[in-house]
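Written out below as structure tokens is the structure these notes cover.
Order of the sequence lines fixes the chain letters, A, B, ..., with proteins taken first and strands second; residue numbering starts at 1 for each chain.
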2 protein chains.
Amino acid sequence: MKEDNKLLYYFNKWSAITKEEEATILSAFEPVTIKKRKDLLVSGQTCNYLYFITQGCLRSFYINSKGIEHIYQIRMDNSWISDLESFFSKSPAKYNIEAIEDSNMLRISHEQFEQLLIKIPRLERYFRILFQKAYINALNRLNATMWETAMDRYNEMLKENPEIFQRVPLVYIASYLGITPESLSRIRRQK
Amino acid sequence: MKEDNKLLYYFNKWSAITKEEEATILSAFEPVTIKKRKDLLVSGQTCNYLYFITQGCLRSFYINSKGIEHIYQIRMDNSWISDLESFFSKSPAKYNIEAIEDSNMLRISHEQFEQLLIKIPRLERYFRILFQKAYINALNRLNATMWETAMDRYNEMLKENPEIFQRVPLVYIASYLGITPESLSRIRRQK
DNA sequence: GTAAACACTTGACCTATGGTAAGAAATGAA
DNA sequence: TTCATTTCTTACCATAGGTCAAGTGTTTAC
């Protein structure tokens, strides 16, 4: 399976693994596909899986009391997606996950995840560094959201993540930036 | 040293450790104290330590181009504080850290940290879960900041973290909530 | 014990962004 | 090819929260 390679590549990057361990890892994961605009997770359900996106694009969002969707994550090839709070504590998900493109993923259940870490404790290091980096990014994004203008955040995104503009509708990008599509439209015109 | 107990307590919670390992852990840390209003870290410096606060209260903030301080973290007893990006990548810190109260901490250098994880790989699990939880919290806070009103965020804080109002000036709490002290004052009056 | 610094509030006015509504342009389905 | 849906833009008005300025307590430092 060609699509497994990138998953193993990233594991290897932060904690070297043997051929035998590779097999153990792969057997813990299961390939799944999803069509554009289909739900991977609906809030209220428990999120039983952690997903590694091998190819595609998905968004996580929550729906407020007025029924408006607020996107907090857009993830593409070779990254992880899930509702971590629900996944780790087996509580009902607050968030939804939906495919923006037809996507291929490798998923691992909570039970398999825990067992995998027992079988190969060295993977704790991979996930430690993964969450560490994710946390640092989340704090930087929090600061930008609180203290920078929408225009600065837009420009930053344009510079750091240009690919997203090729693959994701502006409505979603606006929501991710914390503004309405109308405001994003005005920002883009001003430039 | 009585103040070490809580550090070990938390390590033990997520990855059981032996008496011998406890000694190894303690020797990697060094106690430090800081007086109210003194800097623990100034932006531009490299943050060489990860600090576990045994007793006290500190804030992390960044100073924007107009010289205004924006607080993104307020931490009290039995939690960690640092500029993680600077600490892990040995780059100049973007953030400042200052004591709000006279505080006692246990600090560990980057080198000691790496060595400790090599000596006791089981601690990777502790830090994996620590960062995992921190990341989940940061995302929840990001969503609240983007999509809830300042008043909702204030009420949430009052409910979840009442102690902070006894120990931290409102100017700092306002900044943490992403608003000005004037706005916080108005929110408090309305209630 | 007193001056300086800090902490908090209030008021008047301003601005970035939101809400609503509508239309144009692009995409997709029959 | 045509109609329907999705995507994006524009215009007008509303509002949460910011900015500036002033005033009152309350600590802190010498």
**Report entry** Lys38(A) atom NZ, over 12 foreign heavy atoms within 6.0 Å
**Finding:** no
Query raised in the report: Could you run down nucleotides 17-23 of chain D 5' to 3' and tag each one B, S or - for protein heavy-atom contact under 4.0 Å?
Result: SBBBB--
Query raised in the report: Could you state the CZ-P distance from Arg188(A) to dT10(D), rounded to the nearest angstrom?
Result: 11 Å
**Report entry** Pair Phe165(B) + Tyr154(B): ring centers closer than 6.0 Å
**Finding:** yes
Query raised in the report: Would you say the ring centroid of Tyr126(A) lies under 6.0 angstrom from that of Phe131(A)?
Result: no
Query - 5' to 3' contact window, DNA chain C with chain A (heavy-atom distance under 4.0 Å) - result: dT17(C) to dA21(C)
Query raised in the report: Separation of Leu170(A) atom CG from dT7(D) atom P, in whole Å?
Result: 10 Å
Report summary line: Sorted by chain and residue number, the salt bridge (Lys or Arg N to Asp or Glu O under 4.0 Å) partners of Asp77(B) (sequence neighbours excluded) come out as Arg167(B)
Query raised in the report: Between Ser79(B), Cys57(B), Ser175(B), which is the residue that forms a side-chain contact (heavy atoms from CB on, under 4.5 Å) with Ile74(B)?
Result: Cys57(B)
**Report entry** Nearest-Å distance for atom pair CD1/P, residues Ile173(A) and dC8(D)
**Finding:** 8 Å
Requested in this report: Flag the pair Glu98(B) and Arg59(B) as a salt bridge only when some basic side-chain nitrogen lies within less than 4.0 angstrom of an acidic carboxylate oxygen.
Outcome: yes
Query raised in the report: What about His70(A) and Phe61(A), are their ring centers closer than 6.0 Å?
Result: no
Query raised in the report: Parallel, tilted or perpendicular: which fits the ring planes of Trp80(B) and Phe29(B), with parallel below 30° and perpendicular above 60°?
Result: tilted
